[in-house]
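Accompanying notes for the structure given below.
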Amino acid sequence: MNPTYDALVIGGGIMGCASAYELAKAGLKVGLLEKADLGAGSTGQSSAIIRQHYSNEVTARMALYSLRVFQQFGQEVGGDSGFLPSGFLALAPAAEVEGLRANVELQRSVGIQTEVLDLEAVRQEWPQLDLGDLQAAAFEPESGYADPNLTLRSYADAAKRQGATIHLDTEVTGVRFAGGAVTGVDTADQRFDSPVVVNCAGLWGARVAAMAGIEVPITPCRVQVAFFRRPAGHERAHPVVLDFTQAVYWRSETGALTLVGRVDPAEAEDVIDPDAFDTHVEQPFVLDVGERLVHRYPAMLNSEVAGGYASGYAVTPDWHPVIDEAPAGSGFFVCAGFSGHGFKLGPAVGRMVADMVLGVATPGLERNIFRLARYAEGDLVRGRYEYSIAG
């Protein structure tokens, strides 16, 4: 007899594990199916930045909701997320100041602790920064970063404590329907029955959706990060920094390291097969982001390269996810396409998925802007900056 669940979740990343936890906590019998191991996709290599700087109220509220969970992770989920409130600093040139100020006003209106700083205030707090080509900054003292794998394991353990079953090395090969409603999924070795299937497959999200006859515009692409060891006298941790002028983000890492990645829409052009791509960092990338980092943080000219890696983003045309039942009434749900900024939203998304499945709503966590139909309607999610991942 086939294993039978109230809900099946496909994908063992942050979205899958958070969704499994919230569904199980709501009383459903949940099975999570992961093709390899937990975190084998984007989550395991996430920069895990926790910030709230977004251009629309929905994602701002999601980020704030998630921050509160990270701040009280032991009580809210159980276990540890490794969250460190280092602060988040967004640096803006003249061309981006209007958008930055509007974003801060929006964020403050929903309860986010953030403020616009003039350059003198930034200089006094972070004298190591060269601010010559900037005009203002936004600062979030409560934000920071977490440990992605620690967070993921804690969510998985919490889901199991609520009764969920996690099946590793279990790749979904087909999705079954009868009369327009989902009835379960197939794997190479087994069939699983359920009236609810949630596609949290990340880099494989479009592939799983296609099994259900649904076209979702998610493209897996390759992105890189590099590590630099800060020189003597600069061992002190710094905030998470988003530098619009240099198109990079960077944050502290243990061992006096600084992690650096690009904020570049061209990353979407490096399309990959998520099952087979080069996970090594490339020397030209290291040199490029190193130069951008030194431009803003001159002392890093004396830093040491300390490696790096490549991972994947699941990118949509507007760099925002699809969170929707497709088609309506089918019991097949899509929760994928987070385009590199999903980790920080994970706790809110888990709740939103449970709400979607159960047909309820949590105030402040509306999901209509993430409907699949927005692409056909031409109603894409828009930010105030060129690169939607930045806000």
Side-chain angles (χ1 to χ4, degrees), residues 42-51 53 82-93 122-123 125-134 137-140 143-151 221-267 270 277-313 340-341 343-344 387 389-390:
S42 298
T43 298
Q45 300 293 332
S46 173
S47 296
I49 290 170
I50 311 298
R51 50 94 175 172
H53 193 87
F83 174 63
L84 291 172
S86 63
F88 170 80
L89 186 68
L91 303 174
V122 177
R123 190 173 289 111
E125 185 65 29
W126 299 283
Q128 70 270 37
L129 301 183
D130 183 336
L131 308 176
D133 54 353
L134 300 173
F139 182 61
E140 300 170 10
S143 295
Y145 60 94
D147 182 315
N149 289 294
L150 195 58
T151 301
C221 72
R222 182 174 178 268
V223 296
Q224 301 177 74
V225 300
F227 294 99
F228 298 89
R229 182 165 288 104
R230 296 189 292 279
H234 292 266
E235 295 87 354
R236 179 188 170 195
H238 52 70
V240 176
V241 177
L242 175 60
D243 187 340
F244 287 109
T245 300
Q246 294 303 306
V248 291
Y249 69 87
W250 32 286
R251 70 162 176 84
S252 296
E253 183 55 277
T254 54
L257 296 178
T258 292
L259 177 156
V260 188
R262 281 189 187 134
V263 184
D264 184 355
E267 288 178 320
D270 191 2
F277 68 97
D278 186 358
T279 60
H280 298 92
V281 69
E282 298 169 358
Q283 188 66 15
F285 173 88
V286 175
L287 293 173
D288 177 66
V289 296
E291 289 177 0
R292 296 174 191 233
L293 177 63
V294 168
H295 177 92
R296 186 67 58 218
Y297 190 169
M300 293 298 284
L301 181 62
N302 298 315
S303 65
E304 298 176 1
V305 176
Y309 59 86
S311 62
Y313 283 175
H341 61 115
F343 180 88
K344 69 183 68 60
Y387 189 40
I389 189 175

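Just so it is clear, the values below take in all heavy atoms, side chains as well, and ignore hydrogens, waters and symmetry mates.
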For Pro93 and Leu134, work out which heavy atoms get closest and say how close. N-CD2, 4.0 Å

Return each pair, listed once, that meets salt bridge (Lys or Arg N to Asp or Glu O under 4.0 Å) where at least one residue sits in residues 298-310; pairs must be two or more places apart or across chains. Arg229-Glu304

Tell me every residue that passes side chain to side chain contact (heavy atoms under 4.5 Å, CB included) with Thr258, counting only those two or more places apart in sequence or in another chain. Arg230, His238, Trp250, Val260, Leu293, Met300

Going by the salt bridge (Lys or Arg N to Asp or Glu O under 4.0 Å) test, which pairs reach into residues 244-256, not counting sequence neighbours? Arg251-Glu253

Going by the rule side chain to side chain contact (heavy atoms under 4.5 Å, CB included), which residues pair with Asp133 if we only count those two or more places apart in sequence or in a different chain? Thr245, Gln246, His295, Arg296

Please examine the side chains of Val240 and Tyr249, heavy atoms only from C-beta on, and report whether any two atoms are closer than 4.5 Å. no

List in chain and number order the residues that pass side chain to side chain contact (heavy atoms under 4.5 Å, CB included) with Leu150, two or more places apart in sequence or in another chain; answer none if no residue qualifies. Asp80, Asp147

Measuring from atom CG of Leu129 to atom CG of Leu91, what distance do you get when rounded to the nearest 0.5 angstrom? 6.5 Å

Mind checking side chain to side chain donor-acceptor pair (under 3.5 Å) for Tyr145 and listing every partner two or more places apart, or none if nothing turns up? none

To the nearest 0.5 Å, how far apart are CG in Leu89 and CZ in Arg51? 13.0 Å

Those residues at least two apart in sequence (or on a different chain) that pass ring pair (Phe, Tyr, Trp, His ring centres under 6.0 Å) with His234 are Tyr297

Taking salt bridge (Lys or Arg N to Asp or Glu O under 4.0 Å) as the test, write out the residues that go with Glu282, two or more places apart. Arg222

Among Val286, Val305, Val289, which residue satisfies the side-chain contact (heavy atoms from CB on, under 4.5 Å) criterion with Val281? Val286

Taking side chain as C-beta onward, heavy atoms only, is Ser47 less than 4.5 Å from Val225? yes

Sorted by chain and number, sequence neighbours left out, side chain to side chain donor-acceptor pair (under 3.5 Å) with Ser46 holds for none

Could you pull out all residues at least two apart from Phe139 that satisfy ring pair (Phe, Tyr, Trp, His ring centres under 6.0 Å)? Trp126

State which residues pass side chain to side chain contact (heavy atoms under 4.5 Å, CB included) with Val223; sequence neighbours excluded, sorted by chain then number. Cys221, Glu267, Ser311, Tyr313

